[in-house]
Amino acid sequence: MNCLNLPADNSIKTVRLILGDQLNAKHSWYKQKDPSVLYVIAELKQETDYVMHHIQKVCAFFAAMENFASALSKAGHKVLHLTLDQTCDYPSLNGLIVSLVNHYQAQQFEYQLPDEYRLRQQLEQLSKQLACDSRQFQTEHFFLADDELTKYFSAGKHHRMEAFYRKMRKRFCILMDGEKPLGDKWNFDADNRNKLKAQDLAAIPQPLVFANSVVDILARLKRHKVKTFGQTYEELLWPVNRQQALQLLDYFCQYCLPKFGYFQDAMTCQADNLLTKKQWSLYHSRLSFALNSKMLSPQLVVNKALAAYNNSNIQLAQVEGFIRQILGWREFVRGIYWANMPAYQNMNSLEANNQLPEWFWDGQTKMNCMRHAIEQSLEYAYAHHIQRLMVTGNFCLIAGIIPDQVDAWYLGIYIDAIEWVELPNTRGMSQFADGGIVGSKAYAASGNYINKMTDYCKSCHYQVKQSVGDNACPLNALYWHFMLKHQQSFSANPRNKMVYANWQKNAEDKQQQILARAESLLANLNQL
């Protein structure tokens, strides 16, 4: 039965599936043109509905898939690009592939190994059910191939990114001087924690954005009743093809990399005016969607950054901070993910059980830091790593939000969020739900951290210096409540000794007031 109304083509012997995050034009698949091979790129309800996504995320993936299909076709490959209009009768990928294999009477089904556990399991099971032979391929994207991950990562073991990062630097000879790190230091993290001062704001570069029409995609999403959230625009500012991704990379290396490391942890709400919006982007590359969809390879991104460093006056601390994110952290969380799945997705070591506040979906909270981070995320489907870890993530941690709900929010709202990278960052680094597999400590913070790294507190409804009273910053009481609740687990960590020593400096009645304030906040999270 030809459900897709496709013409017959007896020349097709192999059906090759390309997933939406496998848009790697440099893959060895494409080195030769073979008229007997059909490449399939398909929009699927399965992928729009497994979690509720930001509408810009869905638009970006669908637009990038369409562009990739067009580029392959122009290069002489045989391509079948299917939209929701054509796949709407297939609730899952399995039915679509079975139908295509049967229609073309294909002798072989081939796919690149998915980077998400659920899809890898699904395709492995599908391959066993097909009447034809199946074959898997590497994605040829990461620094480490799939079969190398077990050399670096073990299930349930506490791993540290710094040790892994040093191994990667040595292995790929990046920022090395023989056997020693360039500059005699492995990282310059201590130099990369600067706050943006008033005189720094004017120098923040205007972000490079694009104007990709997604009118047709929006119409399809509406037609097929795909449930999304976030701000909708007819033109998408994100790169949706390799050429645009390369432009964004070049722009970053020229205008943002020179101060990237210095301000990579900074946040501000004072840089925008009626004409310019740049506080959402600051000095960040915003290349994560291009990387995670594989329009760009991490090797290319690192090499471009190194070339900019070698051919300019960019300081070592700036380029090291960026390369640490790509060569270190990105590869690290992937290894954590594959070593620990599927158990990892159910971990809740702190037994967090509170509901995600309703204002996570609209940003309507009096907490200025949370409002800015969430409203920005809703407007752009983007927030940088410190906003995710130390603003929204920190709140969810110290408020004891159920990790499943935190995961679903992070996985849905960010344009670059694919489970292999989102889950270890959220459930591990941010929520400490993995009990320390990723991080050596829970990244919990009071309002003092926000005040130190941002200018949010100056215009906030709450008072950052206060811990008790209706106008006291909620983060302060929640922080102490969280640290005391888990004192038995956390006090053994030498990095927490000073924390508990400081708590004991408070008079007993003050301690009780702080804890009472926290209990009141936890009972009324939707009203903050």
Heavy-atom pair of closest approach, residues [X] and [Y]:
X	Y	answer
V101	C132	CG1-SG, 3.7 Å
I401	A352	O-CB, 3.3 Å
K278	P207	CB-CD, 3.8 Å

- Just jot down the side chain to side chain donor-acceptor pair (under 3.5 Å) partners of R427, sequence neighbours excluded, or say none.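 In terms of side chain to side chain donor-acceptor pair (under 3.5 Å), with neighbours along the sequence ignored, R427 is linked to D404, D407.
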
Counting only heavy atoms not in [X], do more than 12 fall under 6.0 Å of its [atom1]?
X	atom1	answer
Y152	OH	yes
K222	NZ	no
Q129	CD	yes
E234	CD	no
N10	CG	no
Q138	CD	yes
E148	CD	yes
Q121	CD	yes

For the residue pair [X] and [Y], establish whether any side-chain heavy-atom pair is separated by less than 4.5 Å.
X	Y	result
T87	K45	no
M367	L475	yes
Y50	E116	yes
K294	D115	yes
L218	I55	yes
L389	M429	yes
M341	L423	yes
L221	L84	yes

- Task: Kindly indicate, with the supporting measurements, whether the criterion side chain to side chain donor-acceptor pair (under 3.5 Å) is fulfilled by N425 and W329.
- Result: CA-CA 10 Å; N425 269 296; W329 190 253; 2.8 Å; yes

What do you reckon, are the aromatic ring centroids of [X] and [Y] less than 6.0 Å apart?
X	Y	result
H385	H284	yes
F143	F172	yes
W420	Y337	no
Y283	F260	no
Y382	F289	no

- Verify salt bridge (charged side-chain N to carboxylate O under 4.0 Å, His left out) between D85 and R223, making sure each step is shown before the conclusion. CA-CA 9 Å; D85 291 337; R223 195 156 54 241; 2.8 Å; yes

Under 3.5 Å donor-acceptor, [X] side chain and [Y] backbone:
X	Y	answer
S377	A373	yes
S73	A69	no
Q254	D250	no
W409	F360	yes
K57	L411	yes
S349	G435	yes
H103	P7	yes
H77	V79	no

Can you find a side-chain donor-acceptor pair between [X] and [Y] that sits under 3.5 Å?
X	Y	value
N67	R242	no
Q355	N526	no
Q122	Q46	yes
N273	T276	yes
Y410	T392	yes
N394	Y443	no
Q136	Q112	no

- Would you please test K227 and D49 for salt bridge (charged side-chain N to carboxylate O under 4.0 Å, His left out) and show each step? CA-CA 7 Å; K227 190 176 182 181; D49 293 358; over 6 Å; no

- Could you label the plane-to-plane angle of the F164 and F153 rings as parallel, tilted or perpendicular, counting under 30° as parallel and over 60° as perpendicular?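 F164 vs F153 ring planes: tilted.
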
Answer yes or no on whether [X] is positioned over the face of [Y], meaning its NZ or CZ is under 6.0 Å from the six-membered ring centre and within 45° of the axis.
X	Y	value
R16	F137	yes
R334	F142	yes
R388	Y414	yes

- Task: Step by step, work out the side chain to side chain donor-acceptor pair (under 3.5 Å) result for Q325 and Q264.
- Result: CA-CA 11 Å; Q325 290 190 354; Q264 68 171 301; 3.2 Å; yes

- Task: Determine, stepwise, if the pair D416 / R330 fulfils salt bridge (charged side-chain N to carboxylate O under 4.0 Å, His left out).
- Result: CA-CA 12 Å; D416 53 21; R330 189 169 184 268; over 6 Å; no

- Task: Could you walk me through whether Q231 and Q56 pass the side chain to side chain donor-acceptor pair (under 3.5 Å) test, one step at a time?
- Result: CA-CA 8 Å; Q231 294 296 317; Q56 290 181 47; over 6 Å; no

- Look up atom CG in L119 and atom CD in Q22, then write down how far apart they are to the nearest 0.5 Å.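 Rounded to the nearest 0.5 Å, the CG-CD separation comes out at 8.5 Å.
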
- Message: Would S134 and E110 count as a side chain to side chain donor-acceptor pair (under 3.5 Å) here? Give the steps.
- Response: CA-CA 6 Å; S134 297; E110 297 179 348; over 6 Å; no

- Option from D216, N212, I217 for which side chain to side chain contact (heavy atoms under 4.5 Å, CB included) with C59 holds: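 Of the listed options, the one satisfying the test is I217.
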
- Please test W359 against F395 for ring pair (Phe, Tyr, Trp, His ring centres under 6.0 Å), starting from the C-alpha separation and ending with a verdict. CA-CA 13 Å; W359 41 263; F395 176 87; 5.2 Å; yes

- Item | Q108 vs K13, side-chain contact (heavy atoms from CB on, under 4.5 Å): CA-CA, chis, key distance, verdict | CA-CA 6 Å; Q108 184 94 355; K13 306 301 180 186; over 6 Å; no

- Can you check salt bridge (charged side-chain N to carboxylate O under 4.0 Å, His left out) on K78 and D9, steps first, answer last? CA-CA 11 Å; K78 193 172 287 185; D9 189 339; 3.2 Å; yes

